[in-house]
> 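Dropping the structure in here first, questions after.
Every chain is numbered from 1 and lettered A, B, ... according to where its sequence line falls, protein lines coming before strand lines. Owing to the predicted nature of the structure, the values given are computational and were not obtained by experimental measurement.
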Amino acid sequence: MRWSQYFLYTLREDPADADVISHKLMMRAGMLRKVAAGIYTYLPLGLRSVKKTEGIVREEMNRAGAVELLMPTIQPGELWMESGRWKLYGRELLRIKDRSDRDFVYAPTAEEVITDTVRDSVNSYRQLPINLYQIQTKFRDELRPRFGLMRGREFTMKDSYSFHVSMESLAETYEKMRAAYSRVFTRCALDHVAVEADTGNIGGSASHEFMVLAQSGEDAVVSCPNCKYGANIEKATSKFFSDEPEPAPMTELAPLHTPGTQSIDDVGRFLKKKTSELVKTLVFDSDLGCVMVLVRGDREGNLIKIKNYLGAEWLEMLPDSRFQDETGGPVGYCGPVGTRAKRVLADVSLKPRKNWIVGGNKPDTHLGGANPGRDFAQPEYGDFTTVFAGDPCPRCGTALEIYRGIEVGHVFKLGTKYSESMHCTYLDEAGQRQLMIMGCYGLGIGRTVAAAVEQSHDDAGIIWPIPIAPFEVVITQVGREDNVRTTAEEVYSKLLDAGIDVLLDDRDERPGVKFKDADLIGFPLRIAVGAKSLANGQIEWSWRKDRVKQLGAPAEVIERVVREVTSTRAHSSS
RNA sequence: CGGGGUGUAGCGCAGCCUGGUAGCGCACCUGCUUUGGGAGCAGGGGGUCGGAGGUUCAAAUCCUCUCGCCCCGACCA
């Protein structure tokens, strides 16, 4: 491609509405254009990286035995009513009506349509397992789209759905998909980790998220530097509770006068105790009613874990205004002794402990020496807190580390959630009707591209890894002399012949502009053809990542660059 | 949906408080010079100041409403 004939315009300044690196750089590099909040045009350059990423995903899916199809983005509301998600999905589900007032959705995911498709065509265990995927535009009407491609409303996702006769068969495909995802991200040169995750609204029994480690990531990942343990912070557990002291003899329940101490820090300071020695009382509202949760004073409650334990549809902090009514105690002085709360949960870290210091359910009053089973009913124990950095790994005890990450893929064992609601069945060997067991596997294409930029850039711009670079090589034509032009053209056509993705910068621009643009866009390799070095019969080439210039005769440079590109390709897909 | 901010040329911004001919930088066009890291000079084109209503002799500027966008929070395949 010749730049002079291409549609590629860079920006000198960061766009005002971009605030993460990948968004800024992709806008400045002329890859993206915002059309509305969370809705973007992929400009020609951006589309090239997206298509290359899709190509890698497609290869790995096919290699893993998945079969590609393409489902509609606009889907009948009926199917969503049948699965029950018409009601369950909130306002992120974009609902539209056609001219005759029929309900449709702009699909955020395609479990309904795929299940509908499979139940029509598959009747026998002989046809299973099957794994179908598509790479399709999705729409999720996010409350707050941001970060460019990392959290758009319209986005491109690869989604696969597998159907099985047994959990064993599902587990097999699940592992294949996990392996395929790892290969995809490795080929995109992404430093990633697969972690245990919560299944969220999709439901199901097991789930792993693929996280790309990056400062700008929206998720936190807990990882063990020693063993392979890794989990989303929502799900992660630790063995930290084992450091509790030996049980002490029970003391008397005694009121403590603690005026003006609403927060746990206040109470600790007032009573001269460490916050870890206190018990923090949290109160949540949910579809199952109000719940009191007791945790160690220095710990944070984990909404996801609590919600999952309860089996609740939704769970949120109880507003201050309802505290008195629901618990019988004022905000800041709430506790389990004599509470009105019907259900009291306690984190396992409190189980070995005696003589708790808790809120007294009266203004300015806490209680010391409170003991479960004596002063209040035994709470339900469980893991209800969020892991902190430094907590011991649940498997090997090593201090856990916490990183920020971008979720680029998510695999789920769905089970029979959709096959049940949508009657997706087959006949087994005995002629018995059985529900198909399902898995689903999502991979964000745009996010993967954005994550690559987040992980690979410098002050001058993007540094593309070769497999997803919009062009592998840029030829910067420096100057307008005849020999410069003809040499650049020769190099260009030879690289094209060698099957290299190459862009010839033949624009009538000053050299500085061309070099800055090449660095900003981040072509992995650059060849510069200019009068100075050409006087010695040489041209120059360099890697974007180190920008070290190397000189050589045109034939040598071409040979070398072709070798570098093709070997990187071969290496990354092996 | 709560809190905060912002909307002026393709992009980045000033002007608004204190009403009176709409400006700057980049980009764009013309000419000359320049040409290995975002050139210089000269000339030029482009904006119903997000929209509607109001106050006023006069509104980008003041008031009311509305819409878009951004940030923080809650939420999230």
> In this structure, how many angstroms lie between the C1' atom of B/G36 and the CZ atom of A/Arg507, rounded?
15 Å
> Counting Watson-Crick and G-U wobble pairs only, both distances under 3.5 Å, name the nucleotide matched with B/G31, or none.
B/C41
> Is the closest basic N to carboxylate O distance between A/Arg547 and A/Asp519 below 4.0 Å?
yes
> Does the base of B/G37 carry an N or O that pairs as donor and acceptor with the side chain of A/Arg526 under 3.5 Å?
yes
> Can you measure A/Ile304 atom CD1 to B/A74 atom C1' for me and round it to whole angstrom units?
13 Å
> For the base of B/G25, is there a side-chain donor-acceptor partner from A/Glu13 under 3.5 Å away?
yes
> OP1 or OP2 of B/C70 versus the side-chain N and O atoms of A/Lys34: is any pair under 4.0 Å?
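So the side-chain polar atoms of A/Lys34 do come within 4.0 Å of the phosphate oxygens OP1 or OP2 of B/C70, strictly under.
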> Write down the partner of B/G68 under the Watson-Crick or G-U wobble criteria, each distance required to be under 3.5 Å.
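Matched B/G68 with B/U6 under the 3.5 Å cut-off.
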> Searching all strands shown, indicate the nucleotide that pairs with B/C1 (Watson-Crick or G-U wobble; both distances under 3.5 Å).
B/G73
> Does B/G47 have a Watson-Crick or wobble partner in any strand here, with both distances under 3.5 angstrom, and which is it?
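Because no pair has both required distances under 3.5 Å, B/G47 counts as unpaired.
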> What I want to check is whether an N or O donor and acceptor connect the side chain of A/Arg12 with the base of B/C11 at under 3.5 Å.
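No pair found.
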> Tell me the interatomic distance from A/Ile539, atom CD1, to B/G36, atom C1', rounded to whole angstroms.
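One finds 15 Å between C1' of B/G36 and CD1 of A/Ile539, rounded.
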> Does the structure show a Watson-Crick or G-U wobble partner for B/C57, both distances under 3.5 Å? Name it, or say none.
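Check on B/C57: paired to B/G20, both distances under 3.5 Å.
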> Identify whether any heavy atom of A/Lys158 sits under 4.0 Å from a base atom; if not, whether one sits that close to sugar-phosphate; answer base, sugar-phosphate or nothing.
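Contact class for A/Lys158: none.
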> Taking NZ from A/Lys235 and P from B/C76, how many angstroms apart are they, rounded to a whole number?
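The answer, rounded to whole Å, is 16 Å.
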> Considering every strand and a 4.0 Å limit on heavy-atom distances, what is the contact class for A/Gly530: base, sugar-phosphate, or nothing?
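Base, at least one base heavy atom under 4.0 Å.
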> Would you call A/Arg485 and A/Asp506 a salt bridge, using N to O less than 4.0 angstrom?
no
> Evaluate the ring planes of A/His23 and A/Tyr40, with Trp represented by its six-membered ring, and classify them as parallel (under 30°), tilted (30 to 60°) or perpendicular (over 60°).
perpendicular
> When the distance from CG of A/Asp459 to P of B/G38 is rounded to whole Å, what number comes out?
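Value for this atom pair: 16 Å.
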> Distance check, P atoms only: B/G25 and B/U61, in whole angstrom units.
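To the nearest whole Å, 25 Å.
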> Report yes or no: is there a donor-acceptor pair, N or O only, under 3.5 Å between the side chain of A/Asp517 and the base of B/G38?
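Under the 3.5 Å cut-off, the side chain and the base do form a donor-acceptor pair.
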> Is the shortest side-chain N to carboxylate O distance from A/Glu54 to A/Lys158 below 4.0 Å?
no
> Under 3.5 Å, is there an N or O donor on one side and an acceptor on the other linking the side chain of A/Thr476 and the base of B/G36?
no
> Output yes when A/Arg151 and A/Glu218 qualify as a salt bridge under the 4.0 Å nitrogen-oxygen rule, no when they do not.
yes
